[in-house]
Colleague: 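Here's a structure for you.
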Amino acid sequence: MEKGLISVDRWTEHSQAYFLTHLHSDHTQGLSSSWAKGPIFCSRLTAKLFPFKFPGFNLSLLRLLAVGTWHSISLVSPSSVSSSTLQVMPIDAHHCPGAVMFLFRGEFGCLLYTGDFRWETTSKRAEIGRIMLLNALKDDVVDILYLDNTYCNPSYAFPSRAIIAQQVIDIIVSHPEHDIIIGIDSLGKEDLLLHISHELKIKIWVWPERLQTMHLLGFHDIFTTKTSLTRVRAVPRYSFSVETLEGLNTMHPTIGIMPSGLPWVVRPLENGDKLFGSLLTSRYNRSKWSGNGGNHTEKPNGNLGSVEKFHKYIYSVPYSDHSCFAEIEDFVKLVQPTNMKGIVSSSSCYVDPLYYFGRLCGAYQSAQSLPHNKRKERVERVLAVNNKTTFRCGASAGVERKRAMTVKVKSSGIHVSRMSALRRKKRGAKIEENDRPN
């Protein structure tokens, strides 16, 4: 695909068509109310939320794409001035409201860009997404899979969101006299809050801007801005801190719950207690889940399973809207791409997905049948061809904070960036020719 045709979650350079996977801020860096470079293709729900995030935006630039349907887009080659047709299908990414994957098809081949996604295998919604993807692919081979590799490391082994949501209920029920504070972002984790409200028959407090978002999503009677109506409050993640919890406890007993795939660590417990190992091993190496994600072998907190109490007022639960390692592997096995690239260039333990899943890619599988002296040549040739059509990565802010220490292991191709649990840097992407890594 030529340079200047399309961009995905990247807004700083010129293209003929732009695609937005979802409205989290790390995928909209460079997008603003005054942005007017070209048409933006997105899901219907993302378009509905768009004016709230970017007030005053020229909404005539938005092009709504129905999920599960092929759409044709006419493009013009910048070099030959000849016209071509791009086909694209949005597929539910199971990440946050409006989030989709994009399956592209055209003269360049077949490309799948996941954006941020959660590929659970235990829910009806996930099964619908799986059937939709398989029906869309049919006999097509995905030449390049652009993969959400946020948790592309075996250390990340957490169960389904349904299981963790029930653990959150257990925490709340076990503290009947406490106020409950839950840290969330401006979009996402709605299903968790709805589950709490339904199971406990209570309203959930949210801040005013979040209430507007809830109303846009169609939730009118479950959420409130009146603290007197409920003891459960969902607060902005940035305001969730030890200091905040300590201050609240001077007025009324309060506990905090942080739902995140990353262990949320600020400091060790008091009275000499220590945290369990590193950020990557503290929860996941102690938590062993069965293949269906339902059984935990260690239950230090009764029914709380993988819940860790990192502070006397704070519980961390592995409720994530990103796929864990096993789910990523299942997805790669399902898609069976010729080649793949991670869209997250720096995470808490960055690993190129080819390091773990290259054996599942067609380029590597075909090479294995060749004599040893031809194998490397075949792989390099296939990758060279595929790299002519790539997503050029651009930096944008994420939700965890990068630490200073970076370790590069050249022999294995691993690039490990050690992070704190409060921010990670992520990447948008631009499809163009002859990509150079940043």
Side-chain angles (χ1 to χ4, degrees), residues 1 5-9 17 19-22 41-44 46 64-73 75 84-95 98-149 152 322-343 353-354 356-368 382-383 385-391 429 431:
M1 185 180 293
L5 289 180
I6 72 174
S7 296
V8 180
D9 291 347
F19 293 84
L20 175 61
T21 59
H22 64 290
F41 295 84
C42 61
S43 69
R44 183 176 299 275
T46 291
L64 278 59
L65 299 178
V67 173
T69 301
W70 282 108
H71 303 265
S72 296
I73 301 170
L75 302 172
S84 63
T85 299
L86 169 74
Q87 288 188 310
V88 59
M89 177 186 289
I91 298 171
D92 191 349
H94 309 146
H95 175 66
V100 293
M101 301 183 273
F102 287 117
L103 180 61
F104 296 103
R105 195 165 62 187
E107 296 176 356
F108 51 84
C110 182
L111 310 176
L112 177 57
Y113 185 87
T114 68
D116 291 346
F117 83 128
R118 181 78 196 262
W119 195 254
E120 292 171 317
T121 58
T122 56
S123 68
K124 182 178 179 181
R125 179 182 173 188
E127 181 61 21
I128 293 173
R130 179 180 181 276
I131 294 172
M132 184 183 297
L133 178 58
L134 289 176
N135 288 341
L137 288 174
K138 292 184 178 178
D139 297 327
D140 285 343
V141 175
V142 174
D143 297 298
I144 305 179
L145 169 63
Y146 294 92
L147 180 69
D148 175 11
N149 56 315
C152 186
H322 294 268
S323 299
C324 66
F325 181 82
E327 292 166 347
I328 295 174
E329 183 174 29
D330 287 342
F331 184 77
V332 175
K333 287 179 179 178
L334 179 70
V335 175
Q336 295 183 338
T338 300
N339 192 19
M340 77 178 97
K341 289 191 174 183
I343 65 172
L354 285 173
Y356 286 114
F357 308 128
R359 57 187 168 78
L360 303 175
C361 292
Y364 294 86
Q365 290 177 345
S366 60
Q368 294 304 309
V382 172
L383 294 182
V385 172
N386 285 335
N387 281 340
K388 291 182 179 179
T389 306
T390 67
F391 286 90
I431 300 181

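Side chains are part of it too, since the values below use all heavy atoms of this structure and drop only hydrogens, waters and symmetry mates.
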Colleague: Determine the minimum heavy-atom distance between S43 and G98, stating which atoms define it.
Modeller: OG-O, 2.7 Å
Colleague: Do the non-hydrogen side-chain atoms of I73 and F19 ever get within less than 4.5 Å of each other?
Modeller: yes
Colleague: Is there a side-chain contact between L137 and C110, using heavy atoms and a 4.5 Å cut-off?
Modeller: yes
Colleague: Between the side chains of T114 and D148, is a donor N or O closer than 3.5 angstrom to an acceptor N or O?
Modeller: no
Colleague: Let me confirm one number: the CD-SG distance from Q336 to C361, rounded to the nearest 0.5 Å.
Modeller: 10.0 Å
Colleague: Can you confirm whether F357 sits close enough to N149 that some side-chain heavy atom of one is under 4.5 Å from a side-chain heavy atom of the other?
Modeller: no
Colleague: Does a side-chain heavy-atom distance below 4.5 Å link D116 with T21?
Modeller: no
Colleague: Nearest 0.5 Å please: distance from the CG atom of L65 over to the SG atom of C42.
Modeller: 7.0 Å
Colleague: Assess whether a salt bridge exists between R130 and E327, defined as any Lys/Arg side-chain N lying under 4.0 Å from an Asp/Glu carboxylate O.
Modeller: no
Colleague: Could you check L20 against D9 for side-chain contact (heavy atoms from CB on, under 4.5 Å), going step by step and ending with a plain yes or no?
Modeller: CA-CA 5 Å; L20 175 61; D9 291 347; 3.7 Å; yes
Colleague: Could you check if a side-chain atom of V100 sits within less than 4.5 angstrom of a side-chain atom of I91, using non-hydrogen atoms only?
Modeller: no
Colleague: Under a 3.5 Å distance rule, please check whether T85 uses its side chain to pair with a backbone N or O of S72 as donor and acceptor.
Modeller: no
Colleague: So, do P337 and V332 sit near enough that their side-chain heavy atoms are less than 4.5 Å apart?
Modeller: yes
Colleague: For the CG atom of L75 and the CD atom of E107, what is their distance to the nearest 0.5 Å?
Modeller: 10.0 Å
Colleague: Got a second to check how far D92's CG is from I128's CD1, nearest 0.5 Å?
Modeller: 9.0 Å
Colleague: Does atom CZ of R44 have more than 12 heavy-atom neighbours, drawn from other residues, nucleotides or ligands, at distances under 6.0 Å?
Modeller: no
Colleague: Pair F104, V8 - check side-chain contact (heavy atoms from CB on, under 4.5 Å), show working.
Modeller: CA-CA 11 Å; F104 296 103; V8 180; 3.9 Å; yes
Colleague: Do the side chains of R105 and D140 get nearer than 4.5 Å, heavy atoms only?
Modeller: yes
Colleague: How far does CG of L112 sit from CE of M89, to the nearest 0.5 angstrom?
Modeller: 11.5 Å
Colleague: Which pair of heavy atoms, one from H94 and one from A126, lies closest together, and at what distance?
Modeller: CE1-CA, 3.6 Å
Colleague: Ignoring hydrogens, what is the shortest heavy-atom contact between P90 and M132? Give both atom names and the distance.
Modeller: O-SD, 4.3 Å
Colleague: In terms of the angle between their ring planes, are Y146 and Y113 parallel, tilted or perpendicular, with boundaries placed at 30° and 60°?
Modeller: tilted
Colleague: Ring centroid separation for F41 and F102, is it under 6.0 angstrom?
Modeller: no
Colleague: Please round to the nearest 0.5 Å and tell me the distance separating atom NE2 of H22 and atom CE of M101.
Modeller: 12.5 Å
Colleague: Are the side chains of L147 and V335 in contact, using a 4.5 Å heavy-atom criterion?
Modeller: no
